[in-house]
Amino acid sequence: MMKRYLLAPGPTQVPPEVLLAMAAPVLHHRAPEFAELFGQVRNDLKWVFQTQNEVLILASSGTGAMEGAVANFLSPGDKALVVNGGKFGERWGKICQTFGIKVVELRVEWGHSVDPQAVAEALRQDPTIKAVYVQASETSTGAAHDVKTLAEIVRPRDETILVVDAITALGVFDIQTDAWGLDVVVAGSQKAFMLPPGLAFVSVSPKAWRLAERAKNSAFYFNFIKERDAQVNNQTAYTPAVSMILGLKEVLRMMKAEGLKAMFGRQSRLAYALREAVRAAGLELFPKGVPSDALTVITAPPGIDGQAVYKQLRVQYGITAAGGQDHLRGKIFRLSHMGYVDRFDVIMAMAAVEMVLKDLGHPVALGQGVARAQELLRAGQG
Ligand SMILES: *Cc1c(COP(=O)(O)O)cnc(C)c1O
């Protein structure tokens, strides 16, 4: 027998309570019970998003909401500034191109955080840019972008919106949609939301709705105006993922029981402990900018193939983590600790990394990283 552990940056672990909630008989989506359920999760989602804006619930992976966040606000020929600091930033660019948007790309070396002044400068140079697309947490590199400062730059522009992919940020660290003025915020179920893949969430500000009213909409399924008009009445335009929404209700109950501040505190302590443990084991963290608390990205030591680490973790130890993508393939490996995780997930991750590196012939003293994590995560610490 091999016990399996899921430490991938999506999908992530799902609490047993949530699995059980999703096993309930399927509700009909036009029944009054569904409207009641939907009304409750709509409200609670606003609490997680820290917003009064409508948060649309879509049956799709996160990319569906990203696509909608391009198609609904811009028209062919419009210009968008895309922060490309990794695989997901690159995806914003590809979606924009698909919808005929002219992309002004702000390239950020993978692993670095964008310099907000570079965004300000790009907007000064081209005031016709209608939207800025960015990640709050770039999962492919483990770097976070400072969306709060970006919002300060974009907010004074009446004709420009800030669109934030917060798929591995929302629920992990503080994202104040309204207080900071984030126009569009995208999240997904299988990351910090502790659910299986299949739901995406997107909040839309009044400024962004004004753009949507004018945009030459090329969306049918991901038509945000149509969804909004249905969802404010606790209905959906098309058949919702009812069982996932039952799970979402349970997730939101758990989140409210913990509280936002405590949840961010837990995520941040775990992330800090693992980063410190990695250093104590003599390893190097990959992000050069601000590290995201959603996951820890480790540079493969010289002579060690990052893909081999990822593979050995899975094959020998039953742990599913992640490797690197594109030019980072083989150079890094990634361990997630977002969502349903506690100190022992982090200690286990460090223990397994030490064991795998030793298996692969890297001179590592077993227990050094683990001891550091244990020390930092003992009861009453931090
Ligand atoms: C996972 C992820 C996505 C969306 O991916 P899907 O596979 O469509 O859910 C987008 N952006 C980031 C930063 C992600 O981590």
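Note that these values count all heavy atoms, side chains included, but never hydrogens, waters or copies made by symmetry. When a ligand or atom number is given, it counts from 1 through the structure's own listing order.
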Could you pull out every N or O of ligand 1 that sits under 3.5 Å from a protein N or O, with the distance for each pair?
| from | atom 1 | to | atom 2 | distance (Å) |
| --- | --- | --- | --- | --- |
| ligand 1 | 8 (O) | S61 | OG | 2.5 |
| ligand 1 | 8 (O) | G62 | N | 3.3 |
| ligand 1 | 8 (O) | T63 | N | 2.9 |
| ligand 1 | 8 (O) | T63 | OG1 | 2.4 |
| ligand 1 | 9 (O) | G62 | N | 2.9 |
| ligand 1 | 9 (O) | Q190 | NE2 | 2.7 |
| ligand 1 | 11 (N) | D165 | OD1 | 3.4 |
| ligand 1 | 11 (N) | D165 | OD2 | 2.6 |
| ligand 1 | 15 (O) | T139 | OG1 | 2.5 |
| ligand 1 | 15 (O) | K191 | NZ | 2.7 |

- Ignoring hydrogens and angles, tell me if any N or O in the side chain of S292 forms a donor-acceptor pair with the backbone of G142 under 3.5 Å. no
- Please confirm whether the backbone N or O of F49 pairs with a side-chain atom of T177, one donor and one acceptor, at under 3.5 Å? yes
- Query: What pair of heavy atoms forms the shortest contact from A321 to R334, and how long is it?
  - Reply: CB-O, 3.3 Å
- Task: Using the six-membered ring of F286, assess whether NZ or CZ of K288 lies under 6.0 Å from its centre and within 45 degrees of the ring axis.
- Result: yes
- Flag, side chain of D326 to backbone of L328, donor-acceptor distance under 3.5 Å: no
- Message: Holding to salt bridge (charged side-chain N to carboxylate O under 4.0 Å, His left out), I want the full list of residues that pass it with R210, two or more places apart in sequence or in another chain.
- Response: none
